[in-house]
Number of protein chains: 2
Amino acid sequence: MTPMKEDYLKIIFELGGVQKKISNKQIALGLGVAAGSVTEMIAKLVAEKLVIHEPYAGISLTKQGLRFATQLVRKHRLWESFLVQKLNYGLQDVHPEAELLEHETSQRLANALDTFLEHPKYCPHGGVIPDSDGKYNDISHLSLADVKDDEKVTVERFIDNHELLVYLSGTGLHINDKIKGLHHDPFEGPIQVIRMIDQAKIDISYKAAHNIFVHY
Amino acid sequence: MTPMKEDYLKIIFELGGVQKKISNKQIALGLGVAAGSVTEMIAKLVAEKLVIHEPYAGISLTKQGLRFATQLVRKHRLWESFLVQKLNYGLQDVHPEAELLEHETSQRLANALDTFLEHPKYCPHGGVIPDSDGKYNDISHLSLADVKDDEKVTVERFIDNHELLVYLSGTGLHINDKIKGLHHDPFEGPIQVIRMIDQAKIDISYKAAHNIFVHY
DNA sequence: ATTAAGAGTTCGGACTGCCTAAAATTTATT
DNA sequence: AATAAATTTTAGGCAGTCCGAACTCTTAAT
């Protein structure tokens with residue numbers, strides 16, 4: 001296993017490669033490599049029985065590939081939790097560090113970190129941390145953009161994207177805030193919400209709202 | 001900079017490449033690579049002005065190469081400290097984990113870790129942790145093997161070697177123990193010492209004694 | 001001083017993972 | 001259904017780092 005192979009498995013997982021077949025292009029875009037490189041690497045992962053590849057149709061994870069991928073997600077999110085909780089990193093700064101550390105993290109280290117952090121369930125931007133067996137409860141996929149006016153919801157998760165997190169740290173919206181939809185501006189304009197606890201009105205851009213997940 | 005280049009710089013440093021010229025063979029042995037690979041990599045490091053190479057004579061670090069090397073040692077030892085202090089690793093288990101993590105550790109992360117650990121001066125086996133400017137006070141090179149009978153010394157540092165540390169954890173000898181030399185068996189036999197605090201008699205093998213450093 | 005051993009260097013070859021360009025296949029449009 | 005567009009695969013190359021073998025240089029021993 002190499003860091004790049006791990007990255008391929010992880011992105012296939014993140015693109016939904018557990019059920020769906022993922023396209024070559026999605027992977028190439030996600031990793032920033034050429035399409036030819038993807039085909040080549042996928043062939044290696046097929047040989048290791050980590051993915052299934054139907055030429056021209058798509059790629060998906062085997063059970064074994066899924067195991068690797070969830071462990072990687074676990075390591076990534078444990079490191080993010082560590083960086084925020086213990087080293088006082090800002091939400092928006094943890095991703096690149098975790099991206100590197102996850103590849104050099106043994107099972108033992110992951111478990112020790114998990115214990116040290118007292119078995120966190122969620123990473124700092126709300127993603128579920130799989131347990132050491134790779135189990136995890138999937139989460140809502142209700143985006144803030146789909147919340148109707150006057151509905152009350154709780155902020156659950158942000159997509160782990162630097163620009164988004166920087167933007168959100170400006171708005172003051174946080175994970176676990178209870179909010180109420182107030183108003184959708186037309187033409188992909190901002191969405192206004194009100195935070196229940198302090199009645200603060202917060203504007204969220206249309207695009208950001210699609211990357212914020214909530215639950216009732 | 002790649003992990004392997006970093007490993008080359010670090011081992012040159014550890015073999016004493018700040019003053020002395022280090023031989024190709026020492027590096028090859030230390031890293032477990034072929035002699036030819038060393039010559040080749042050294043040529044690259046020369047091109048980057050990180051080492052000086054006099055063909056057939058030896059290799060030493062430039063000022064720049066030394067900076068890289070000390071930062072690497074700093075990261076390595078900070079991780080070792082973290083693993084022992086926070087994650088309850090045993091002394092003998094930290095080296096391989098730190099070996100991997102050090103290469104994926106940004107300056108910022110090293111500093112955050114240093115703060116979190118409250119600026120430790122020494123790593124778990126007694127090595128000095130260089131500060132963020134790469135400064136560090138060099139340590140004694142008086143090995144336990146050279147201590148005369150009846151001299152009282154303090155255990156300062158163990159060489160960071162798995163087998164040695166496993167062996168030592170069996171003997172019960174620890175960093176900062178104050179001990180007195182008792183008896184040198186002839187023919188490279190064990191060295192007996194007595195721990196002042198509890199008068200425990202401890203036998204240390206001849207070879208191990210050469211890898212334990214003490215000060216008065 | 002010569003020679004043999006040891007150490008260092010050079011060279012050709014391998015492997016990984018990337019790229020670009022060309023060819024093949026699928027999908028979409030007319 | 002035919003063609004155009006998009007996607008995927010194939011093929012040939014490049015860079016990094018490794019190896020082993022052959023050659024060169026230094027050192028130690030005769």
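Computed from a prediction, not measured in an experiment: that's the story for all the values here. Letters go in sequence order (proteins before strands), and every chain restarts at 1.
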Practice item. Return the nearest nucleotide to the side chain of B/Thr2; candidates are D/dT17, D/dT9, D/dT24. Key: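 Of all the options, the side chain of B/Thr2 is nearest to D/dT17.
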Point to revise | Selected nucleotide, minimal atom distance to B/Met4 side chain, candidates D/dT9, D/dT17, D/dT24 | key: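 Closest nucleotide among those given: D/dT17.
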For [X] and [N], give me the distance from atom [atom1] to atom [atom2], rounded to whole Å.
X: B/Ile42; N: D/dT17; atom1: CD1; atom2: P; value: 12 Å
X: A/Ile27; N: D/dT8; atom1: CD1; atom2: P; value: 9 Å
X: A/Tyr56; N: D/dA6; atom1: OH; atom2: C1'; value: 12 Å
X: A/Leu29; N: D/dT8; atom1: CG; atom2: P; value: 10 Å
X: B/Met1; N: D/dA15; atom1: CE; atom2: P; value: 19 Å
X: A/Ile22; N: D/dT7; atom1: CD1; atom2: P; value: 15 Å
X: B/Leu31; N: D/dC19; atom1: CG; atom2: P; value: 10 Å
X: B/Leu45; N: D/dG16; atom1: CG; atom2: P; value: 13 Å

Check your understanding: Would A/Gln92 and A/Tyr167 count as having a side-chain donor-acceptor pair, cut-off 3.5 Å?
Key ->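 No, because no side-chain N or O of A/Gln92 sits under 3.5 Å from a partner of the opposite role on A/Tyr167.
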Review point. Taking only side-chain nitrogens and oxygens of A/His53, does any of them come within less than 4.0 Å of OP1 or OP2 of D/dT8?
Key: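 Checking A/His53 against D/dT8: no side-chain N or O falls below 4.0 Å of OP1 or OP2.
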Check your understanding: Looking only at side-chain N and O atoms, does B/Lys44 come under 4.0 Å of OP1 or OP2 in D/dA15?
Key ->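 For B/Lys44, the contact criterion (side-chain N or O under 4.0 Å from OP1 or OP2 of D/dA15) is not met.
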Review point. For A/Arg74, which of A/Thr105, A/Asn111, A/Asp133 qualifies under side-chain hydrogen bond (donor to acceptor under 3.5 Å, both in side chains)?
Key: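 Output: one option passes, namely A/Asn111.
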Point to revise | Validation row: A/Tyr136, A/Ile129 side chains within 4.5 angstrom (heavy atoms) | key: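 No, too far: nothing below the 4.5 Å cut-off.
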Point to revise | Within-4.5 Å side-chain heavy-atom neighbours: A/Thr171 and A/Asp203 | key: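 Answer no - side chains too far apart.
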Review point. What does B/Gly32 touch in the nucleic acid at a heavy-atom separation under 4.0 angstrom: a base, only the sugar-phosphate, or nothing?
Key: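 Sugar-phosphate, backbone atoms only, no base.
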**Study point:** B/Lys86 to B/Phe116, cation-pi by 6.0 Å centre distance and 45° axis angle
**Key:**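 Flagged: B/Lys86 positioned over aromatic ring of B/Phe116.
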Review point. Are more than 12 heavy atoms from other residues, nucleotides or ligands located less than 6.0 Å from atom OH of A/Tyr122?
Key: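 Counting neighbours around OH of A/Tyr122, 12 or fewer heavy atoms of other residues, nucleotides or ligands fall under 6.0 Å, so no.
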Check your understanding: Under a criterion of less than 4.0 angstrom to any heavy atom of chain B, what are the 5'-terminal and 3'-terminal contacting nucleotides of DNA chain C?
Key ->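 First-to-last contact on DNA chain C, by the 4.0 Å heavy-atom rule, is C/dA7 to C/dT10.
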**Study point:** Qualifying residue for salt bridge (Lys or Arg N to Asp or Glu O under 4.0 Å) with B/Glu99, from B/Lys10, B/Arg77, B/Lys75
**Key:**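 When B/Lys10, B/Arg77, B/Lys75 are each tested with B/Glu99, the salt bridge (Lys or Arg N to Asp or Glu O under 4.0 Å) holds only for B/Lys10.
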